[in-house]
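All remarks here apply to the structure that follows.
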Number of protein chains: 2
Amino acid sequence: MGLRERKKLETRRALSWAALRLAVERGLDNVLVEDIAAAAGVSPRTFNNYFSSKAEAITSRHVDRGRHLAEQVRRRPRTESLWESILEAALAQYDTGGTLPDPEWTAGVRLMTSEPALIGEFLRASSMIERELAEAIAERTRTDVRADIYPRLVAAAVGAAIEVATDQWLTADPPGPLGDLVREALTQVAAGLPEPSTA
Amino acid sequence: MGLRERKKLETRRALSWAALRLAVERGLDNVLVEDIAAAAGVSPRTFNNYFSSKAEAITSRHVDRGRHLAEQVRRRPRTESLWESILEAALAQYDTGGTLPDPEWTAGVRLMTSEPALIGEFLRASSMIERELAEAIAERTRTDVRADIYPRLVAAAVGAAIEVATDQWLTADPPGPLGDLVREALTQVAAGLPEPSTA
DNA sequence: CCGAAAACTTGCGGGTCCCGCACCTTTCCA
DNA sequence: TGGAAAGGTGCGGGACCCGCAAGTTTTCGG
């Protein structure tokens, strides 16, 4: 990888990181593009060469994380069933086993899901991720992303499960382990979300 | 309902309708807030008293449609299972039985899901709808939207299924009946999305 | 029916955003 | 090593969105 591309990636990371950090610190409305650019050591004009909006810069790291999940699903051994692979890949990312998740990530998600101006872009990012996840699933199941409804359906359902689990975790009063919630959500989805018996 | 509220609702409808129509006709970038306001017979400033952005105005009708779905789930007879109710409510909205769906709606969805500046707001709107749907499901299943993961999980899964079905329908080359796709998607989700046997 | 209060509309002004364009600097590669 | 390609920057402008302070319409109690 040449110097050129390395610098670009570095600048991109610096910008998205600065955007997220500043927005968490002061609130989105108190952060100008100018501030983000300054914090990353580039001109304001350059900011918009990398991201087309503040929101996109902030959600950029969320996208990276999601890509990682799709990648992991792809790497899982074929001896597993699809749902086993998905569950394991998801847990590898969300089950922190005892310790708390990265506080920076927590603050980021909390910001993106609460600030009205960010929610849309956040969901859009999730949607992009689901597209990649669908590709991975299509590969695994030998289905066709364009012709078959199946891979996108699974990807969307998985995305929904993780989203709900995360949201529940963020608002739960005594915050239990996030991994457990993700497992619970995915298991229920894979079981067809049977109506709870009103015993 | 007083004269005041009636007029307000009328203005709101006029604005969102004008926004959608103009955007479909000329493309989003060739429509100014000024144009929308003019088409609805109010001042530009008034536009932003009703909607906080062009995107919100356009997606407003999508929200209305979604609310209707949640409402219908609520009204279904309790003799049905939850999934029966959901399926019937969804089909009542999406199965046009033979005839083609409202071309205005089709154009609207196509616009909202293709124009980058609208996708975020579109998903945000869907998310709002899912929240209401979750309430309806919680009511039906005597679960708690805040404490239990179940109702939101179902709502999100249903939203995902409808979204995928719609998207598939929009891009399918010989466009089959939308109702069939929605039925198929919801049925698969309710069955736990079993991995297709690689027969 | 009336008059004040409440609600809505509108114009103005300003801060911000985002992009096209042209110019300059840096990196690449033959 | 020198031209080509790509990235960074400043300028300028169109558009957006909101606060504010009138002005106007609807409401409602007496």
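Order of the sequence lines sets the chain letters (A, B, ...), proteins ahead of strands, with each chain counted from 1. Keep in mind that what you see is a predicted model, and the values were worked out from it rather than measured.
- Whole-Å rounding puts the B:Asn48 CG to C:dT16 C1' distance at 14 Å.
- One finds the CD atom of B:Glu135 at 10.5 Å from the CZ atom of B:Arg152 (value rounded to the nearest 0.5 Å).
- For A:Lys54, the side-chain atoms get nearest to C:dC17 when compared with the rest of C:dT9, C:dC28, C:dC17.
- In this structure, B:Tyr50 reaches the C:dT9 phosphate: one of its side-chain N or O atoms is under 4.0 Å from OP1 or OP2.
- Side chains of B:Ser85 and B:Glu80: a donor-acceptor N/O pair is present below 3.5 angstrom, by distance only.
- A 6.0 Å sphere centred on CZ of B:Arg146 holds no more than 12 heavy atoms belonging to other residues, nucleotides or ligands.
- Residue order along DNA chain C, read from the 5' end via each residue's closest nucleotide, puts B:Arg4 first among B:Ser43 and B:Arg4.
- Between A:Asp29 atom CG and C:dG15 atom C1' the separation is 12 Å, expressed in whole Å.
- One interatomic measurement links the two molecules: CE of A:Met1 to C1' of C:dC28, which rounds to 15 Å at whole-angstrom precision.
- The phosphate of D:dT26 has OP1 or OP2 within less than 4.0 Å of a side-chain N or O from B:Lys7.
- Atom CD in B:Glu34 sits roughly 11 Å away from atom P in C:dG11 (whole-Å rounding).
- Side-chain atoms of B:Arg45 stay outside donor-acceptor range of the base of C:dG13, with no qualifying N/O pair under 3.5 Å.
- Mapping B:Val31 and B:Glu5 onto DNA chain D via the closest heavy atom, the residue that lands nearer the 5' end is B:Val31.
- Comparing C:dC8, C:dT27, C:dC17 by their closest approach to the side chain of B:Lys8 singles out C:dC8.
- Checking B:Val33 against A:Gly41, the closest nucleotide of DNA chain D that is more toward the 5' end is the one next to A:Gly41.
- The backbone N or O of A:Asp144 lies less than 3.5 Å from a partner atom in the side chain of A:Asp148, making a donor-acceptor pair.
- Nearest nucleotide to the side chain of B:Ser52, out of C:dC8, D:dC18, D:dG8: D:dC18.
- What separates CD of A:Glu121 from P of C:dC18 is a distance of 10 Å, to the nearest Å.
- Here the side chains of A:Phe51 and A:Arg12 are in contact, with some heavy-atom distance below 4.5 Å.
- When the nucleotides C:dT9, C:dC17, D:dT9 are ranked by their closest atom to the side chain of B:Thr46, C:dT9 comes out on top.
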